[in-house]
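Remember, it's 1-based here, ligands and their atoms both numbered in the order they're listed.
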Amino acid sequence: MAKIGTSSRVAAAIVAVLGFVLSLAVVCNGGKTSSFVRKVEKTVDMPLDSDVFKVPPGYNAPQQVHITQGDQLGKAVLVSWVTVEEPGSNTVLYWSAYSKKQKSEGKVTTYKFYNYTSGYIHHTTIRNLKFNTKYYYVVGIGHTERQFWFITPPEVGPDVPYTFGLIGDLGQSFDSNKTLTHYELNPQKGQAVLFVGDLSYADNYPNHDNVRWDTWGRFTERSVAYQPWIWTAGNHEIDFAPEIGETKPFKPYTHRYHVPYKASGSTAPFWYSIKRASAYIIVLSSYSAYGKYTPQYKWLEQELPKVNRSETPWLIVLMHSPWYNSYNYHYMEGETMRVMYEPWFVKYKVDVVFAGHVHAYERSERISNVAYNIVNGICIPVKDQSAPVYITIGDGGNLEGLATNMTEPQPAYSAYREASFGHATFDIKNRTHAYYGWHRNQDGYAVTADSMWFFNRYYHPVDDSTSAQ
Ligand SMILES: *[C@@H]1O[C@H](CO)[C@@H](O)[C@H](O)[C@H]1NC(C)=O
Ligand SMILES: *[C@@H]1O[C@H](CO)[C@@H](O)[C@H](O)[C@H]1NC(C)=O
Ligand SMILES: *[C@@H]1O[C@H](CO)[C@@H](O)[C@H](O)[C@H]1NC(C)=O
Ligand SMILES: *[C@@H]1O[C@H](CO)[C@@H](O)[C@H](O)[C@H]1NC(C)=O
Ligand SMILES: *[C@@H]1O[C@H](CO)[C@@H](O)[C@H](O)[C@H]1NC(C)=O
Ligand SMILES: [Fe+2]
């Protein structure tokens with residue numbers, strides 16, 4: 001009797017476990033793999049004589065003009081440009097409707113890469129700007145002057161609306177040009193770009209032909225001279241080429257694209273943070289040491305507790321190599337960094353992580369995978385309302401083409417994936433709501449192919465999952 005009782009209890013337990021496994025299986029259905037069918041054509045770089053690469057006319061005319069945030073708060077703008085004939089002036093002349101003309105002085109640098117010699121690269125920071133103000137600025141003083149403008153962000157505060165654009169792995173192909181055009185004409189109107197790494201792809205040319213860094217600078221000027229792009233370093237920025245004697249990683253990138261890393265206590269330009277409107281943006285480097293005791297680790301450990309969500313409710317992280325990626329390209333490349341930092345992202349309730357690297361689009365559910373301790377076997381991502389959404393936006397359109405081969409079946413954590421080129425916008429409305437939309441290049445400018453209302457993890461941490469359950 002007792003024996004039968006035991007075995008029937010065992011049977012009941014087995015049924016219960018089976019039921020649990022079955023219900024898990026239901027929960028574990030993946031999200032959506034888009035059935036969108038695009039024209040398959042080769043992605044090719046725009047030729048050197050393309051309209052977008054035109055050198056501006058005039059003696060020593062500034063070219064490749066680009067701006068980024070120049071401090072941690074948004075009261076400074078870092079202006080960079082290149083002159084070719086001679087160094088010329090480092091002065092930026094600037095004014096607003098409410099202020100007289102002022103000048104700021106910067107520095108000039110050059111570098112050599114194999115048999116390439118750069119132009120004169122100028123970096124000048126303009127400080128003490130007024131928030132939420134349109135400024136005009138002129139570079140090329142003394143030779144050919146060129147005028148541009150930008151609008152400073154509103155003062156940092158919890159309910160300040162702000163729209164970020166998201167672009168990654170852009171390159172300089174005809175598709176890259178389409179992505180940039182779609183971003184410019186998107187009625188959502190991005191005010192600053194969060195760029196998740198891989199800029200010019202010059203390293204795909206013989207000897208990393210740095211002329212392709214110059215053409216990329218001229219191609220993107222039409223946007224980045226007027227609104228800041230926030231830079232993240234990707235693998236195509238490393239330019240490590242010992243076979244031609246180039247052994248200093250990131251040489252072209254660090255000479256051309258400066259970031260305000262010192263303002264956030266960072267010791268290298270590859271990891272840093274800025275505040276902009278209601279967002280706190282942390283930029284990490286997939287290609288700098290991130291293990292315990294490394295400079296990046298120590299910086300991030302001290303950085304996360306500094307984020308004051310009452311001031312900046314939206315905590316956004318940028319990196320190049322994604323932690324959650326269900327394509328058969330760069331599969332698990334982000335894994336070691338995920339193991340190091342994911343518990344912190346959950347603890348500090350990061351809202352969203354944007355990455356690039358994989359040349360396609362993917363959005364995850366809010367999931368974490370932080371329970372594994374070598375011996376317990378708990379190593380499957382689980383839904384977690386304290387965890388960020390992970391978005392791969394490496395679909396800018398570079399010459400390497402699309403990543404189309406996906407792991408099957410679609411993992412449970414993957415909410416939406418599609419192999420198309422495009423960009424996204426993250427439109428913060430207030431401290432609780434942000435509207436996120438992904439745009440593919442084949443659609444009209446106002447169309448979102450994937451979208452989600454983000455609920456802030458600090459002020460409104462309710463389930464914002466887009467899946468059916
Ligand atoms: C650099 O070297 C390559 C071949 O090694 C050559 O094709 C190219 O013209 C050279 N460029 C310059 C600027 O000398
Ligand atoms: C790039 O896009 C711009 C804006 O749509 C267009 O004027 C230009 O002709 C394009 N250039 C190339 C080479 O596709
Ligand atoms: C966080 O920011 C709020 C709003 O600006 C401020 O009142 C508060 O003192 C800050 N907290 C800390 C710990 O700095
Ligand atoms: C997709 O990737 C998998 C894993 O790398 C590989 O086995 C398979 O052959 C690939 N399929 C295609 C169509 O390339
Ligand atoms: C925040 O924005 C959302 C979306 O626009 C809106 O529904 C909500 O009412 C806003 N909250 C407040 C307090 O205004
Ligand atoms: Fe990459």
Side-chain angles (χ1 to χ4, degrees), residues 41 43-54 72-73 154-160 167-186 195-204 215-216 218-223 231-240 249-250 253 270 275 277-280 284-287 302-315 318-323 325 327 329-331 333-334 337 348 354-360 362 392-403 421 423 431 441 444-445 458-459:
E41 37 189 30
T43 305
V44 288
D45 268 356
M46 295 181 281
L48 289 174
D49 61 358
S50 297
D51 51 2
V52 294
F53 298 149
K54 243 193 228 115
Q72 221 202 1
L73 278 180
E155 185 170 4
V156 168
D159 286 304
V160 183
I167 301 178
D169 304 68
L170 185 58
Q172 45 194 302
S173 75
F174 289 96
D175 292 295
S176 321
N177 195 34
K178 279 188 199 130
T179 301
L180 186 56
T181 303
H182 276 248
Y183 171 61
E184 293 171 303
L185 299 178
N186 184 338
F195 192 90
V196 293
D198 282 0
L199 286 64
S200 74
Y201 288 78
D203 60 346
N204 278 349
T215 53
W216 196 80
R218 296 199 290 270
F219 156 51
T220 50
E221 182 189 270
R222 71 182 203 238
S223 171
W231 303 111
T232 310
N235 55 305
H236 287 277
E237 277 65 74
I238 302 173
D239 280 311
F240 175 69
F250 300 107
Y253 175 66
F270 312 111
K275 302 177 193 181
S278 45
Y280 199 104
L284 295 181
S285 174
S286 304
Y287 307 101
Q302 290 178 10
E303 178 69 7
L304 284 163
K306 286 184 194 162
V307 182
N308 181 348
R309 303 293 274 273
S310 306
E311 184 189 40
T312 49
W314 295 94
L315 179 50
L318 312 181
M319 61 180 66
H320 187 61
S321 190
W323 292 355
N325 155 39
Y327 287 80
Y329 297 82
H330 306 304
Y331 190 64
E333 281 183 22
M337 193 197 233
Y348 291 101
F354 292 107
H357 201 36
V358 179
H359 301 158
E362 184 163 25
T392 302
I393 185 88
D395 55 350
N398 67 75
L399 76 169
E400 292 175 356
L402 276 170
F421 292 132
H423 78 278
R431 71 182 69 189
N441 287 354
Y445 300 119
Y458 181 80
Y459 279 109

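Near N308, the atoms of ligand 3 lying under 4.0 angstrom from a non-hydrogen atom of the residue are 1 (C), 2 (O), 3 (C), 8 (C), 10 (C), 11 (N), 12 (C), 14 (O).
For ligand 3, none of its N or O atoms has an N or O atom of S310 under 3.5 Å away.
Counting only protein atoms, the N, O or S atoms lying less than 2.8 Å from the Fe ion (ligand 6) are D198 OD2, N235 OD1, H320 NE2, H357 ND1, ordered by chain and residue number.
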Query raised in the report: When you look at W216 and L199, which way does the side chain to side chain contact (heavy atoms under 4.5 Å, CB included) test go after all the steps?
Result: CA-CA 8 Å; W216 196 80; L199 286 64; 3.6 Å; yes
**Report entry** Check against side-chain hydrogen bond (donor to acceptor under 3.5 Å, both in side chains), R431 and T312
**Finding:** CA-CA 8 Å; R431 71 182 69 189; T312 49; over 6 Å; no
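Here the side chains of L170 and T220 are in contact, with some heavy-atom distance below 4.5 Å.
The two residues N177 and F219 have their closest heavy-atom pair at OD1-CE1, 3.4 Å. The two residues S321 and A355 have their closest heavy-atom pair at C-CB, 4.1 Å.
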Tabulation required: pairs of a nitrogen or oxygen in ligand 2 and a protein nitrogen or oxygen under 3.5 Å; columns are atom names and distance to 0.1 Å; otherwise 'none'.
unit_1	atom_1	unit_2	atom_2	d
ligand 2	2 (O)	N177	OD1	3.1
ligand 2	2 (O)	N177	ND2	2.4
ligand 2	5 (O)	T181	OG1	3.2
ligand 2	9 (O)	D51	OD2	2.5
ligand 2	11 (N)	D51	OD1	2.9
ligand 2	11 (N)	N177	ND2	2.9
ligand 2	14 (O)	N177	ND2	3.0

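Partners of P47 by side chain to side chain contact (heavy atoms under 4.5 Å, CB included), not counting sequence neighbours, listed by chain and number: D49, S50, F174. Scanning for side chain to side chain contact (heavy atoms under 4.5 Å, CB included) contacts around N204 gives Y201, H236, L399, E400, with sequence neighbours left out.
Using cut-offs of 30° and 60° for the angle between ring planes, the Y287 and H320 rings count as tilted.
Judged purely by distance below 3.5 Å, without hydrogens or angles, the side chains of R309 and S278 never pair a donor atom with an acceptor atom.
In this structure, CG in D175 is found 12.0 Å from NE2 in H359, a value given to the nearest 0.5 Å.
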